[in-house]
J.: 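Quick one: structure below, then a few questions.
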Amino acid sequence: MSQIVKTPRKIKAGGGWQAIAYSIEKAMQVGPWRLWKRMTSRNACKTCAVGMGGQLGGMVNEAGHFPEVCKKSLQAQAADMIGAIDVDYFDKHDLQYLENLTPKQAEDAGRLIYPVLLEPGATHFKVVNWDTAMTIATQALKESKPEKTAFYSSGRSSNEAAFLLQSFARAYGTNHVMNCSFYCHQASGVALKMAFGTGTATVTLEDISKADFVMVIGSNPASNHPRIMTQLADLRRRGGRIVVVNPIVETGLEKFHVPSQIKSYFFGSEIASLYVQPYAGGDVHFLLGVLKSLDETGNVNKEFLSEHTQGSEAVLQQARTVDWQEIVTGSGVEKSVIEQTASMLAESKSAMFAWAMGLTHHESGVDNVLALCNVALATGNVGRPGAGLLPLRGHSNVQGVGSVGFAPGLQEGMRQALERVYNMKAPDATGYDTHSMLEAAERGEISTLFCLGGNLWGSNPDLAWATRAMQKVDTTVYLSTKLNPGHFYGRGQTTLILPVLARDEEPQSTTQESMFNFVRLSDGGQPNVKGMMRAESHVICELATKVLGQSPFDWSRMMSHSEIRKVISEVVPGWQEIATIDETKKEFTVAGRVFHTPQFNTVTGRAIMHATPLPAVKAADEFRLITLRSEGQFNTVVYDEYDIYRGMPHRFCILMSESDTQRLKIADGQRVTVRGEAGELNNIEVVVGKIRDGVAAMFYPEANVLIKANIDKRSRTPNFKSAPVQIIA
Ligand SMILES: Nc1nc2c(c(=O)[nH]1)N[C@H]1C(S)=C(S)[C@@H](COP(=O)(O)OP(=O)(O)OC[C@H]3O[C@@H](n4cnc5c(=O)[nH]c(N)nc54)[C@H](O)[C@@H]3O)O[C@H]1N2
Ligand SMILES: Nc1nc2c(c(=O)[nH]1)N[C@H]1C(S)=C(S)[C@@H](COP(=O)(O)OP(=O)(O)OC[C@H]3O[C@@H](n4cnc5c(=O)[nH]c(N)nc54)[C@H](O)[C@@H]3O)O[C@H]1N2
Ligand SMILES: [Mo]
């Protein structure tokens, strides 16, 4: 295997040769021609939710632009193409060995190609055939009560599989149906719904090309949404401005080399016009400060507020009465920098606001997003082309999974439609969110858990607690493509890991929804490895048939994705066009989500502004820990141990500011203990970098052992980005 990018030396700009060298390395690992064929097949990209797809697969964006090259897309694709796990892997390795695998070792073990079973008290998983596996899963569901059964989904599965599984769960009698959003963008969904009546982006991809200002707040698209970087670089070239708000100066957000553009490739493109470094958790203060400054300088669009919003008086009143000193202390940002942000925004014609986990992973997650909506509304920047709100969504189909009803509560209209179409009664009580489900498991109140992809265990705060809770479950069934530590620590008394096909290997076509509410069609394809993998929908359909038989209808009919799509078109609001997508191949934008006129989905048609309480101010000696993704990982899946952008050589590092290390008399490279509310980690290497003082950063999921779940009440999302820690030399 070639190893072109070996050195974990920090680089000065994102993208460029490094991205290309990495892509070549990945191509060599699985064969360049094989990889090219995969990359150009008509299948939506499986990495983030920007939504690449179409005729040339992951290289065409929603505006039809080609080539859009992304090293992350290649990384994910190559990862699914590596060889199969050894036939005797589970005979050779006992549970204790498996528990000691790092996330990277588990990923590198290869594609799962056969079902495996762990029986109560056994020391080894054993290979079983599908019949045995399905019999055990069926029995577990038949023996469990609906209120003690839960269904979790990550965001990589298709709309078809997710819709089918949530339908089955409801017919079976439970609303304990949750997806990874609760640990991700749920705060965005809740806040956007409160403000506009819909929980997703108000813009399309094309809108970015019409904007002349973007605020990139609480997100690191250079690593996590690289295709957005092309848009940002173009905006700067057109003379637009970008304000980045982030406690860490992220390498690629200062300068990025867009690999598909010659000039940018060689010389790099400027990204941030202004880089603002608040405290982690300081965004409500900062955004209220921006509003205060807009108001003081006469730059609030009063006409827009009076015609198209409600609640603006209370919000403006809050901005007027709050003291500048409180804003500066709470945000950690100088008044002059806040004013500069406000004046850049005021000078722009069309502004967009893009954010990710830096805003949602806080106890004030919903307030953070509401405060951002307030700034957008106060400047009249929602409800017209080129302006609006853009949550940079995570998984490639996390939005679709939620749209098709994989959530604990169904909108009333959708629920009625589901009952009508299936001729059944959906359960009444709202189901658990992800964290509540784990709490129920800890109380011994979950007997069967079914996970459609993901790593539920590893995405939790307080991993000792998550381990305890998940190991109390009687039977846990995972549908997975690859191994991860969650299969072992997050095991039930009985555990099944069932091997599935990735979306682009499925025999039937599937659909995905991007962060721009655009529904893509994927053709599927041939499996990358030989084995017993099945399509997710196949497994779910067979299980539903075995558990429910003909009740309330013949489930085997749902083996056909076209059939599932017909039902989706009748049940999910705005998805009518999916009924004919097989014939028309016409991909579409979900109706009723994008606002190009200031007519919103609320009862009055006006957007609703909400005053946001100010979160607690950071104490002088308090450290707030941000847990984040490295340049070389996808969520809990680690591809590379080092982070080339931040100059962090391995997974057990902590990024600290120079002034903090001087204050604590700690040297760069020194080993420290990091103590959080839930646990501590020793022997952590200090890396001095461009991070706001009072804030430190470590990698997720390893750092999850430290974090106690302090949950945002409205979104139920933990404070993964402002966990209090002590750093002990
Ligand atoms: N390659 C790759 N792509 C991915 C993923 C991946 O793991 N790898 N994951 C996917 C998923 S599921 C998601 S949700 C997204 C995640 O995308 P991001 O949200 O970009 O990912 P994080 O690494 O969590 O980074 C959060 C950023 O927010 C900043 N931040 C932290 N706290 C604060 C704060 O209090 N205020 C502000 N203003 N900023 C803060 C951090 O410094 C960091 O730059 O990416 C998706 N795409
Ligand atoms: N401390 C901290 N914790 C966090 C975060 C953080 O920033 N900090 N981020 C949170 C966020 S934003 C998220 S989204 C969650 C992530 O939560 P999840 O989405 O649950 O986790 P992933 O790591 O994406 O899941 C990876 C696994 O999915 C399986 N998989 C991959 N592709 C497929 C497929 O095509 N089909 C099937 N069936 N399985 C597949 C593989 O087994 C792989 O190991 O973690 C959350 N937890
Ligand atoms: Mo996410």
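Order of listing sets the numbers, starting from 1, for every ligand and every atom in it.
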J.: Distance under 4.0 Å to a non-hydrogen atom of G453: what atoms of ligand 2 satisfy this?
T.: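 Near G453, the atoms of ligand 2 are 37 (C), 38 (N), 39 (N).
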J.: Does the ring of F634 carry R156 above it, NZ/CZ under 6.0 angstrom from centre and within 45° of its axis?
T.: yes
J.: Record the part of N704 in heavy-atom contact with ligand 2 below 4.0 Å; permitted values are side chain, backbone, both and neither.
T.: side chain
J.: Give the numbers and elements of all ligand 2 atoms closer than 4.0 Å to a heavy atom of L479.
T.: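 That gives atoms 37 (C), 38 (N), 39 (N) of ligand 2.
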J.: Should E107 and N484 count as side-chain neighbours, where that means a heavy-atom distance under 4.5 Å?
T.: no
J.: Give the C-alpha distance, both sets of side-chain angles, the deciding distance and a yes or no for side chain to side chain donor-acceptor pair (under 3.5 Å) between S396 and R503.
T.: CA-CA 11 Å; S396 52; R503 284 182 327 227; 3.2 Å; yes
J.: State whether the shortest distance between N or O atoms of E536 and N or O atoms of ligand 2 falls below 3.5 angstrom.
T.: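 Yes.
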J.: List in chain and number order the residues that pass side chain to side chain contact (heavy atoms under 4.5 Å, CB included) with R675, two or more places apart in sequence or in another chain; answer none if no residue qualifies.
T.: E680, Q726, I728
J.: With S154, which residues qualify under side chain to side chain donor-acceptor pair (under 3.5 Å), at least two apart?
T.: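 Counting only residues at least two positions away or on another chain, S154 forms a side chain to side chain donor-acceptor pair (under 3.5 Å) with H395.
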J.: Indicate yes or no: at least one non-hydrogen side-chain atom of F488 is less than 4.5 angstrom from one of T495.
T.: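 Answer no - side chains too far apart.
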J.: Apply side chain to side chain donor-acceptor pair (under 3.5 Å) to the pair S514 and R520, showing each step before the final yes or no.
T.: CA-CA 8 Å; S514 78; R520 285 273 193 206; over 6 Å; no
J.: What atoms of ligand 2 come closer than 4.0 angstrom to any heavy atom of K482?
T.: 41 (C), 42 (O)
J.: Does this structure show an ion pair linking R646 with E250, if we count only N-O contacts that are shorter than 4.0 Å?
T.: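 Salt bridge between R646 and E250, a charged N being under 4.0 Å from a carboxylate O: yes.
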J.: Ligand 1: which residues have a non-hydrogen atom closer than 4.0 Å?
T.: C48, K72, C184, I217, G218, S219, N220, S223, N224, H225, V245, N246, P247, I248, E250, A280, G281, D283, A356, M357, G358, H362, G394, H395, I626, L628, R629, Q633, F634, N635, K721
J.: How does Y152 reach ligand 2, if at all, at less than 4.0 Å between non-hydrogen atoms: by side chain, backbone, both, or neither?
T.: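 Just the side chain.
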J.: Short N/O distance, under 3.5 Å, between V500 and ligand 2?
T.: no
J.: With sequence neighbours left out, what residues match K46 under salt bridge (charged side-chain N to carboxylate O under 4.0 Å, His left out)?
T.: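 Partners of K46 by the salt bridge (charged side-chain N to carboxylate O under 4.0 Å, His left out) criterion, ordered by chain and then number, come out as D80, D504.
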J.: Between K71 and E631 (salt bridge meaning N to carboxylate O under 4.0 Å), is one present in this structure?
T.: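 Between E631 and K71 there is a salt bridge, with a charged N closer than 4.0 Å to a carboxylate O.
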J.: Considering distance alone, does some N or O of N484 sit under 3.5 Å from an N or O of ligand 2?
T.: yes
